[in-house]
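Here the structure comes first, spelled out in structure tokens, and everything after it is commentary.
FYI, the numbering just counts along the sequence from 1. What you see is a predicted model; the values in this text were computed from it and never measured.
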Amino acid sequence: MRLAAERFAIRACVVVTSQVRGVVGIVTPTTGQTAVRILFILDRLGDACLAGDGAPESAVRVIQSERKLQKLDFLIRNPDYLANVIISGCEKGRLPGQRLLDARAVLEEREPELHTYRMLRGRHGAFEQLDNALSVLRHLELVAVRRVGRVADAKVRRRDYYLLEAGVARAQELRSAEPLLAWYDQQAVHVAMATEGMSGGDLKALQYQHEEYAGTPEGRLIGGITSRVRLRLEAALAREGLAA
């Protein structure tokens, strides 16, 4: 039974996505695709688990708080916002200028508009319901989720997301066996570089700088910034002497 469920989950990860309300270039991921995306996010972007920190047995990496997981997922799903974070990092000296080439790869390679998964605006910013995808990963014993804090204490209560040893192995297997998933994994690598040392709050502040993000009504899709970022990237590459 478990093997059948596992095969079903892997097949679900590589099916063609459906279009959202007929908007060209904006697609909605399946539960399987979301599960794989979360798996790669935890594998590439999670912090190492430390001895004695209350982590589940066999836990390898962790992302502390759903807010940070959602913000990282937003960047995976929106190449234009990810490229913009890289450009900002280069302009502020947080990243070397050569990283602008990564921003160009994110924005130009493999038709990013066809791989963009816009997110809805929730009460606290970009939000996607992840319970179904997490249920798949938890059923397969690839991840574990733990609540931290007391139920009545909203200030400290959060969910922490742990990647287990079996999840590490499955992420590597998917990289090798499913070439169609390479885009997710490469996006996670770019996000890891662009957001190193940044908290969920830092990521939220960057995203709220854009009117397309901050001005979106709750429950509506957050708009893209592709045209503006292309112009910004072109100017930044020229300043660094990296223009093609």
Side-chain angles (χ1 to χ4, degrees), residues 1-20 25-47 49 56 58-63 65-79 81-82 105-106 109-120 126-145 159-195 203:
M1 178 67 69
R2 178 176 173 179
L3 181 59
E6 198 162 344
R7 287 174 175 169
F8 173 80
I10 292 174
R11 287 199 302 271
C13 295
V14 296
V15 299
V16 178
T17 53
S18 59
Q19 300 233 337
V20 177
I26 298 178
V27 294
T28 181
T30 66
T31 296
Q33 289 172 315
T34 299
V36 168
R37 208 170 57 248
I38 293 173
L39 188 67
F40 285 152
I41 289 172
L42 287 169
D43 189 41
R44 294 291 193 186
L45 304 172
D47 297 319
C49 291
S58 87
V60 178
R61 308 191 71 82
V62 61
I63 289 179
S65 87
E66 184 176 9
R67 179 173 72 171
K68 185 170 184 179
L69 179 60
Q70 294 277 2
K71 301 309 177 189
L72 293 171
D73 191 29
F74 179 82
L75 292 178
I76 296 285
R77 296 168 56 151
N78 292 272
Y81 283 88
L82 172 56
V106 166
E109 291 183 1
R110 299 192 62 184
E111 300 178 314
E113 287 86 352
L114 300 182
H115 294 86
T116 295
Y117 307 107
R118 299 296 184 196
M119 291 177 72
L120 295 174
F127 178 81
E128 178 77 13
Q129 182 57 256
L130 301 177
D131 288 350
N132 289 342
L134 285 166
S135 292
V136 171
L137 296 173
R138 294 172 72 177
H139 175 72
L140 300 176
E141 299 180 358
L142 305 180
V143 307
V145 181
R159 290 183 179 181
D160 290 346
Y161 302 85
Y162 292 91
L163 180 68
L164 306 181
E165 290 178 356
V168 175
R170 178 45 48 90
Q172 184 56 44
E173 179 183 337
L174 289 173
R175 289 187 188 103
S176 302
E178 300 290 350
L180 290 176
L181 302 179
W183 185 84
Y184 293 110
D185 194 38
Q186 186 57 56
Q187 285 293 96
V189 171
H190 286 306
V191 172
M193 174 272 296
T195 64
L203 296 173

Quick one, Q187 and F40 - any side-chain contact, counting heavy atoms below 4.5 Å? no
Nearest 0.5 Å please: distance from the CG atom of L42 over to the CG atom of L142. 10.5 Å
Which distance, rounded to the nearest 0.5 Å, do you find between the CG of L130 and the OH of Y161? 6.5 Å
Apply side-chain contact (heavy atoms from CB on, under 4.5 Å) to S58 and list each qualifying residue two or more places apart in sequence or on a separate chain. L164, E165
R37 side chain near T34 side chain, heavy-atom distance below 4.5 Å: yes
d(Q186 CD, I76 CD1) to nearest 0.5 Å is 10.0 Å
Between the CZ atom in R61 and the SG atom in C49, the distance rounded to the nearest 0.5 Å is 8.0 Å
By side chain to side chain donor-acceptor pair (under 3.5 Å), D185 pairs with (sequence neighbours left out) R44, R175
Out of curiosity, D43 CG to I41 CD1, how far, rounded to the nearest 0.5 Å? 11.0 Å
Do H190 and L75 make a side-chain contact, defined as non-hydrogen atoms from C-beta onward lying under 4.5 Å apart? no
Heavy-atom closest contact (A194 atom, L82 atom, distance): CB-CD1, 4.1 Å
To the nearest 0.5 Å, tell me how far D47 CG sits from Y162 OH. 10.5 Å
For I63, run the side chain to side chain contact (heavy atoms under 4.5 Å, CB included) check against D160, L163, L72 and tell me which one passes. L72
List in chain and number order the residues that pass side chain to side chain donor-acceptor pair (under 3.5 Å) with R138, two or more places apart in sequence or in another chain; answer none if no residue qualifies. none
Taking the side chain as every heavy atom from C-beta outward, state whether V143 and I38 have any pair of such atoms under 4.5 Å apart. no
Residues P79 and V106: closest non-hydrogen pair is O-CG1, 3.3 Å
